[in-house]
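All remarks here apply to the structure that follows.
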Amino acid sequence: MKLLVVLRMMPDPACELELLEDSPGLDHEWLDFKLNDFDDQALEEAILLKEACGGEVIALGCGEGAGRVLQMALARGADRAIEYETEPDDMISSRVIARDVAAIAKNEGVDLVLTGVQAAEDLHGQLAPYLSAILNWPGLSGTSRVALANTELAVSQERGGGVTAHYELTLPAVLGVQTASKAPRYVSGSKLREASKLPIASAAAEAERLEPSGELLKLARPQRDEAATSLGGTAEDAAAKFLDLIRSGAVA
């Protein structure tokens with residue numbers, strides 16, 4: 001089985017995010033990037049499937065700083081790495097990259113594409129559904145456990161209220177991974193050093209891209225409200241303070 005896992009780089013929320021003055025966007029000059037958390041889960045799921053069933057894992061890195069993340073993917077067990085060129089200083093639009101990712105999947109002859117269920121720049125989780133539609137493969141998002149049974153995938157999907165749904169998908173297929181079957185593994189420094197010597201292929205945008213479905217008009221920092229009031233103390237004291245706030249008009 002051949003697997004393609006999509007790894008998207010996202011602005012690190014731990015950094016100070018600076019807004020551009022002349023256009024709606026983030027200033028990328030001093031911005032640090034990290035692997036999208038859900039794509040990290042997808043990578044682990046792909047490697048677990050390879051270890052259980054054999055095959056090959058291809059890591060496809062998208063965005064600024066993807067090279068070092070691809071080295072990490074190789075150290076964790078991916079067999080090959082491809083760095084996909086995205087527009088510099090732009091958000092990674094799932095709609096824009098979908099056809100190129102689908103073309104790479106076809107060219108590589110993969111049986112399964114895995115991507116994170118969503119990302120900071122794709123909160124609606126559109127990449128997996130786009131890929132499923134373009135490739136005309138069955139797809140499922142929000143997965144929490146994946147196993148290969150004969151020629152079909154046994155997939156678990158978390159629902160609300162503690163309910164888990166179970167599906168069987170025929171290959172080839174697309175999965176949007178929410179949680180891997182096991183937590184992402186730790187990679188030692190020695191493995192990272194070995195992986196840094198391995199080649200990383202590159203792929204440029206080639207397929208005709210879908211037009212963006214929307215336009216970013218403005219970014220603004222959250223408005224800081226007044227400090228919260230602590231009610232503290234016993235339940236009786238908290239109730240009395242809350243009643244005083246209501247009477248004073250501080251609470252509508």
Side-chain angles (χ1 to χ4, degrees), residues 2-18 25-51 55-94 96-98 100-101 103-105 107-108 110 113-123 127-128 131 175-180 182-206:
K2 186 179 286 190
L3 306 97
L4 178 72
V5 57
V6 184
L7 307 177
R8 292 163 290 180
M9 301 299 292
M10 296 289 136
D12 190 342
C15 297
E16 184 70 24
L17 303 180
E18 297 292 338
L26 295 175
D27 187 347
H28 284 211
E29 184 174 1
W30 305 109
L31 194 59
D32 289 334
F33 290 82
K34 65 184 288 290
L35 175 61
N36 175 43
D37 290 337
F38 290 110
D39 292 345
D40 194 19
Q41 298 287 332
L43 172 62
E44 187 62 30
E45 194 70 87
I47 295 169
L48 289 170
L49 280 170
K50 169 195 164 181
E51 291 174 345
E56 180 184 19
V57 173
I58 305 169
L60 178 65
C62 308
E64 298 181 43
R68 56 185 172 81
V69 165
L70 288 172
Q71 290 175 352
M72 175 274 296
L74 291 168
R76 274 172 56 177
D79 299 281
R80 290 195 287 129
I82 303 173
E83 186 169 2
Y84 169 73
E85 298 176 9
T86 56
E87 293 295 331
D89 299 336
D90 272 0
M91 296 173 64
I92 298 177
S93 166
S94 295
V96 170
I97 71 171
D100 279 327
V101 175
I104 292 170
N107 291 338
E108 292 290 343
V110 303
V113 179
L114 302 97
T115 182
V117 66
Q118 67 182 71
E121 296 173 342
D122 179 20
L123 292 178
L127 184 55
L131 293 173
L175 297 180
V177 179
Q178 178 170 302
T179 308
K182 294 182 180 179
R185 66 196 68 192
Y186 170 79
V187 180
S188 66
S190 60
K191 283 190 175 181
L192 282 172
R193 286 190 293 272
E194 291 175 10
S196 67
K197 302 172 185 176
L198 299 175
I200 295 177
S202 61
E206 294 183 2

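Going from atom CE of Met10 over to atom CG of Leu35 covers 9.0 Å, rounded to the nearest 0.5 Å. Residue Leu4 holds its CG atom at 10.0 Å from CD of Glu56, rounded to the nearest 0.5 Å. To the nearest 0.5 Å, atom CG of residue Asp37 and atom OG1 of residue Thr179 are 11.0 Å apart. Atom-to-atom distance recorded for Leu49:CG and Glu51:CD is 9.5 Å, nearest 0.5 angstrom. Taken to the nearest 0.5 Å, the CE atom of Met9 stands 10.0 Å off from the CG atom of Asp39.
Remark: of the listed residues Val6, Asn36, Val5, Leu7, Val6 is the sole one forming a side chain to side chain contact (heavy atoms under 4.5 Å, CB included) with Thr115. Test Ile200, Val69, Leu60 against Glu83 for side chain to side chain contact (heavy atoms under 4.5 Å, CB included) and you get one pass: Ile200.
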ask   = Are Val96 and Thr86 close enough, and set up right, to give a side chain to side chain contact (heavy atoms under 4.5 Å, CB included), and what steps lead you there?
value = CA-CA 10 Å; Val96 170; Thr86 56; over 6 Å; no
Next on the checklist: salt bridge (Lys or Arg N to Asp or Glu O under 4.0 Å) for Lys34 and Asp40? Distances and angles first, verdict last.
Outcome noted: CA-CA 10 Å; Lys34 65 184 288 290; Asp40 194 19; over 6 Å; no
Practice task
Report the C-alpha distance between Glu44 and Lys182 in whole Å, list the side-chain angles of each, state the deciding distance to 0.1 Å, and finish with yes or no for salt bridge (Lys or Arg N to Asp or Glu O under 4.0 Å).
Solution key: CA-CA 8 Å; Glu44 187 62 30; Lys182 294 182 180 179; over 6 Å; no
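Glu108 is linked by a salt bridge (charged side-chain N to carboxylate O under 4.0 Å, His left out) to Arg80, counting only residues two or more places apart in sequence or in another chain.
Minimum interatomic distance between Cys62 and Tyr84 (heavy atoms only, all atoms of both residues): SG-CD2, 3.8 Å. Among all heavy-atom pairs drawn from Ala46 and Val57, the shortest one is O-CG2, 3.6 Å. Taking each heavy atom of Ile92 and Gly63 in turn, the nearest pair found is CD1-CA, 3.9 Å. The two residues Ile104 and Ala203 come nearest to each other via the heavy atoms CD1-CB, 4.0 Å. Contact between Gly55 and Lys50 at its shortest, heavy atoms only, is O-CG, 3.9 Å. Shown here for Ser94 and Asp122, the closest heavy-atom pair between the two residues is OG-OD2, 2.8 Å.
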Which side-chain N or O atoms in residues 191-199 pair as donor and acceptor under 3.5 Å with protein atoms at least two apart or in another chain?
{"from": "Ser196", "atom 1": "OG", "to": "Arg193", "atom 2": "O", "distance (Å)": "2.5"}

